[in-house]
Amino acid sequence: MLGALCVHAFALDGATMKYQVVIGLEVHTQLTTNTKIFCGCSTKFGSEPNSQTCPVCLGFPGALPVLNRQVVEYAIRAGLATNCSITQRNVFARKNYFYPDLPKGYQISQFDLPICQHGHLDIEVEGETKRIGITRIHMEEDAGKLVHADISEVGDDSCVDLNRACTPLLEIVSEPDMRSPDEAIAYLKKLHQIVMYLGICDGNLEEGSFRCDANVSLMPVGSTVFGTRAELKNINSFKFIKQAIEYEIERQAEILDDGGKVIQETRLFDPNTGTTRSMRGKEEAHDYRYFPDPDLVPVLIADQWIEDVRAELPELPEAKRARYVAELGLPEYDAEVLASSRELAQYYEETVALFPQAKIVSNWVMGEVARALNDDNNRSITDCPVTPALLADLLKLMEKGTISGKIAKTVFDEMYKTGKAPEKIVEEKGLVQVSDTGAIEAMVDEVLNNNPGQVEQYRGGKETVFGFFVGQVMRASKGKANPAVVNELLLKKLKA
Amino acid sequence: MEIFDLTIHELHDKLKAKEVSSVEATRAMLDRIEAVDGQVNAYITVTPEQALVEAEAADRRIAAGDIAPLTGIPMGLKDIFITKGIRTTCGSRILENFVPPYDGTAVAKLKEQGAVIVGKLNQDEFAMGSSNESSYFGPVKNPWNLECTPGGSSGGSAAAIAARTATATLGTDTGGSIRQPASHCSCVGVKPTYGRVSRYGVIAYASSLDQVGPLTRDVTDAALLLGAVAGYDPKDSTSVNTPVPDYLAGLKSGGKGLKIGLPKQYFIEGLDPDVKRAMDEAIALYKSLGAELREVSLPHTEYAVATYYLIATAEASSNLARYDGVRFGHRADEIRGLKEMYAKTRAEGFGSEVKRRIMLGTYALSSGYYDAYYVKAQKVRTLIMQDFLNAFNEVDVLLTPIAPTPPFKIGEKLADPLQMYLSDIFTIPVNLAGTCGISIPAGFSAAGLPIGLQLIGKPFGEATILSTAYAFEQETQWHLKKAPL
Ligand SMILES: [Zn+2]
């Protein structure tokens with residue numbers, strides 16, 4: 001039953017589609033500042049519980065928050081990169097509710113005046129470009145987390161780890177502009193790529209550095225009035241987000257088909273079953289009693305600060321891709337792949353700076369380099385043993401004709417293993433290409449003398465035998481003979 | 001004269017001249033506490049061992065020729081100040097056994113100078129009260145008349161000065177909590193400009209109103225102690241980065257040629273006749289000193305109490321949410337589940353005045369009422385602030401009563417919270433405006449109870465109110481009178 005409805009909801013053919021899905025996303029990105037948003041404690045992940053805490057982030061009586069300036073700077077970066085306007089007078093508010101991992105009984109967040117507003121991102125789905133609005137980006141502190149510890153240790157109590165309490169977050173809220181799970185994923189991936197490019201978030205979904213809540217509703221096709229939405233909480237992979245939204249569309253479509261009403265509620269996604277279940281209904285909705293935090297003075301952002309941040313913004317993926325095509329003449333595909341991560345692009349650009357043949361470098365980075373890293377347990381490009389300088393040296397050797405393209409691949413593998421310079425490897429292993437006409441001529445003569453039958457065939461018009469001679473000469477030279485010279489001599493002798 | 005009768009500056013001179021040691025002074029103070037605090041109940045916690053260790057350290061420092069104004073001086077702190085290793089209750093059962101892991105900024109500054117902390121002083125629970133009757137540790141008695149309240153919420157701090165069980169103390173003032181008890185106990189109390197003294201390490205009642213200040217025997221000590229704790233603190237975003245003047249050096253400049261304003265809304269019908277008489281005498285004295293006195297208007301005064309109780313309770317409802325039984329302080333027994341833990345812990349831990357204010361504040365912030373109450377109150381607050389700034393375009397300081405009546409009897413106003421709230425009517429506007437005020441002894445009622453005088457200054461005008469107060473003190477003997485204890 002559900003399967004059939006699923007087809008309804010997703011059918012691209014307008015005639016069979018009954019409902020239009022409406023999706024809005026709220027993304028929490030944890031910022032990569034060294035210290036927390038309101039105290040000097042470290043934000044390092046995975047330390048001993050409560051080892052990174054102080055009276056401020058523990059919410060002890062008498063402790064007061066002091067804003068980390070870098071958080072504001074990162075928020076400005078995010079805002080500029082997503083085409084937002086920057087709010088110059090920022091007020092922090094208290095969001096009041098009780099929860100054991102919320103030390104002060106309130107979360108310091110921004111309410112009516114978020115630091116960034118009215119932005120957008122353009123996404124591409126199936127070749128079409130679509131603009132997704134960004135309603136707001138605001139700064140806030142994270143809560144700690146509950147640890148349901150080993151029963152033998154603490155009985156059936158729960159423990160609270162406050163290492164994460166007070167770490168800085170940006171909440172990035174989109175407009176309900178997405179109309180399919182694919183659009184939602186495209187938007188998320190784009191946002192993910194941007195925050196990583198900006199260097200403000202490590203993008204680690206599993207560790208919760210990039211978490212997503214999705215608001216999903218359905219309305220009859222052609223309607224302009226949104227249906228009642230369900231909020232899907234804290235999903236930590238692109239795959240699960242897609243699954244959760246897809247399941248939610250099916251669930252809501254079934255309710256609507258049966259003439260029922262979707263209720264507004266918060267739902268949790270269960271990755272084991274691929275389904276969502278109710279967490280709390282609207283009737284339990286909190287009254288957060290927001291009011292300006294009297295412990296923090298308003299943050300005033302001068303024009304100059306915004307301009308300084310703008311001047312230091314890195315080139316973003318879209319601009320980079322366009323530049324690779326326009327200036328370097330790369331094919332769209334290469335440009336897209338190379339610009340997909342800031343680190344990969346940097347590696348590429350550093351290599352091109354030393355060896356200015358854009359397409360050859362692209363082939364190598366997307367080919368040998370990517371393959372080697374992939375085989376090496378998905379090692380990061382930033383610690384690739386073959387640095388851009390080494391790779392450029394290798395390509396120069398190939399260009400000079402010192403080694404052949406085939407030998408270059410062998411040399412590359414050796415460089416990757418040992419980190420040695422290519423010249424050294426070529427020298428140590430005796431891999432220098434033989435271009436000496438005399439030496440090659442001797443080998444050519446020997447091959448022709450040893451294979452009189454094939455010579456006869458060739459001269460009789462069977463030109464395909466030529467490849468056989470080339471192979472034989474290359475084998476005799478152990479691959480070091482310059483293929484151009486081999487070709488030239490073979491032709492000369494055979495035609496003689 | 002006993003050692004415990006001395007002011008900071010008098011004791012400092014004796015310590016410096018090596019006529020007395022800090023250990024002797026501290027012992028004398030501890031003995032005095034032992035002897036009379038049973039009647040007054042000013043102390044929640046006395047720390048004799050720690051105090052004597054600090055006193056010995058101070059004596060070593062003095063012997064080495066390194067003496068600061070507070071070195072070796074036995075002091076008490078309102079129990080709202082976070083003190084590392086010393087139980088800090090804030091007058092509440094919920095923090096009955098709370099021993100903080102850190103020192104706040106003001107306390108750290110006192111320790112840097114080598115002050116000796118003899119104990120923590122009683123107060124209204126979470127600084128909520130005007131009579132010190134809301135403390136979980138029992139009411140403080142006014143040393144001038146043990147049947148009367150010492151005022152609140154820094155009642156323990158003021159009573160300790162009057163009972164001569166501390167040379168000087170620090171309190172906090174949210175709506176008059178330093179000035180009003182100073183008035184009721186005949187000592188000097190300063191509420192500095194908001195932002196002048198760091199609030200880091202001071203348990204918050206209403207963050208936008210709370211301010212730390214000294215309670216002392218005379219104006220000189222107030223100048224000295226304020227100078228010791230004032231200044232910018234990077235740990236408190238609301239502290240202000242302007243230089244701290246030498247308050248002591250400026251003391252003698254006051255009085256002559258000064259323009260003193262008398263806000264007409266403060267001299268109303270119904271003012272207690274003894275208070276009225278003391279004010280008239282003070283006005284006459286300033287005239288005789290060459291000051292120019294004129295009537296000014298603070299037109300929004302009548303809204304101050306209502307505004308205060310909306311803003312203060314709203315902030316308090318949020319500030320007190322952290323007392324939930326999860327990490328520190330009291331936790332109720334035999335609880336099933338999280339909600340019950342919160343509810344039972346807070347029901348047991350907080351007293352009725354605190355609960356009343358949490359509920360008021362929660363209501364004022366709740367959706368549907370926020371604009372009508374909290375937002376409106378903030379707007380009125382701005383108008384009150386503007387009233388003061390307008391008045392200070394005309395005059396240098398304002399002279400007003402501190403309280404409508406002399407100290408009242410313990411229990412007298414308990415049944416009528418509104419009546420109690422109105423007793424802060426002359427002090428509250430200063431907190432809403434964020435400016436500074438001082439309370440100094442200005443006489444006694446027919447029944448022998450103290451009456452204080454308030455001088456209100458411009459923002460960061462502490463030097464002016466101190467010198468104005470000093471001029472008055474030089475001409476009167478009120479501050480020298482001792483409580484009969
Ligand atoms: Zn911390």
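Reminder, nothing fancy here: chain letters follow the sequence lines and each chain counts from 1. Only a predicted model underlies this, so the values are computations on that prediction, with no experimental measurement involved.
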A/Asn96 side chain vs B/Ser318 backbone, donor-acceptor pair below 3.5 Å:
no
So which part of B/Ala206 gets closer than 4.5 Å to some heavy atom of chain A, the side chain, the backbone, both or neither?
neither
Is any side-chain heavy atom of A/Pro55 less than 4.5 Å from a side-chain heavy atom of B/Tyr200?
yes
Structural part of B/Ile203 lying under 4.5 Å from a heavy atom of chain A:
both
Report, as yes or no, whether the 6.0 Å neighbourhood of atom OH on B/Tyr373 holds more than 12 heavy atoms from other residues, nucleotides or ligands.
no
Chain A contacts, top residue of B/Gly329, B/Ser198, B/Ala321 (heavy-atom pairs, under 4.5 Å)
B/Ala321
From B/Lys235 NZ over to A/Leu64 CG, what is the distance, rounded to the nearest 0.5 angstrom?
10.5 Å
Counting only non-hydrogen atoms closer than 4.5 Å, does B/Thr88 touch chain A with its backbone (N, CA, C, O), its side chain (CB onward), both, or neither?
neither
Going from CZ on A/Arg289 to OG on B/Ser366, what distance comes out if it is rounded to the nearest 0.5 angstrom?
8.0 Å
Considering only heavy atoms, which portion of B/Arg199 lies under 4.5 Å from any heavy atom of chain A: side chain, backbone, both, or neither?
both
What are the two closest non-hydrogen atoms of B/Asp236 and A/Val66, and how far apart are they?
N-CG2, 4.2 Å
Take atom NZ of B/Lys355 as the centre, draw a 6.0 Å sphere, and report whether it contains more than 12 heavy atoms from other residues, nucleotides or ligands.
yes
With distance as the sole criterion, is a donor-acceptor pair present between the side chains of B/Asn319 and A/Arg94 under 3.5 Å?
yes
In terms of heavy-atom proximity below 4.5 Å to chain B, should A/Tyr290 be classed as side chain, backbone, both, or neither?
backbone
Tell me whether B/Lys376 at atom NZ has more than 12 heavy atoms from other residues, nucleotides or ligands lying less than 6.0 Å away.
no
Determine whether more than 12 heavy atoms belonging to other residues, nucleotides or ligands lie under 6.0 Å from atom NZ of B/Lys111.
yes
Would you check if the distance from the ring center of A/Phe60 to the ring center of B/Tyr102 is below 6.0 Å?
no
Sort out for me which of B/Gly368, B/Ser208, B/Ser317, B/Ser367 touches chain A most, counting heavy-atom pairs under 4.5 Å.
B/Ser367
Toward chain B, the part of A/Asp295 with a non-hydrogen atom under 4.5 Å:
both
Is chain A contacted by the side chain of B/Tyr374, its backbone, both, or neither, given a heavy-atom distance below 4.5 Å?
side chain
When heavy-atom pairs shorter than 4.5 Å are enumerated against chain B, which of A/Gly105, A/Pro103, A/Pro292, A/Ala63 gives the highest number?
A/Pro103
Option that, when pairs with chain B are counted at under 4.5 Å, heavy atom only, ranks first among A/Tyr106, A/Tyr99, A/Tyr97, A/Phe291
A/Phe291
Within a radius of less than 6.0 Å around CZ of A/Arg164, do more than 12 heavy atoms belonging to other residues, nucleotides or ligands occur?
yes
Cut-off 4.5 Å, heavy atoms of chain A, and the answer for B/Tyr369 is neither
Counting heavy-atom pairs under 4.5 Å with chain A, which one of B/Val326, B/Thr105, B/Thr362 comes out on top?
B/Thr362
Between the side chain of B/Ser237 and the main-chain N/O of A/Pro65, is any donor-acceptor distance below 3.5 Å?
yes
Which atoms of B/Pro100 approach chain A - backbone, side chain, both or neither, heavy atom under 4.5 Å:
neither
For B/Tyr205, is it the side chain, the backbone, both or neither that has a heavy atom under 4.5 Å from a heavy atom of chain A?
neither
Shortest non-hydrogen contact from B/Tyr342 toward A/Pro100
OH-N, 3.0 Å
Go through the atoms of B/Phe81 and report whether side chain, backbone, both or neither lie under 4.5 Å from a heavy atom of chain A.
neither
Approximate separation, where rounding is to 0.5 Å, of B/Arg322 CZ and A/Phe98 CZ:
11.5 Å
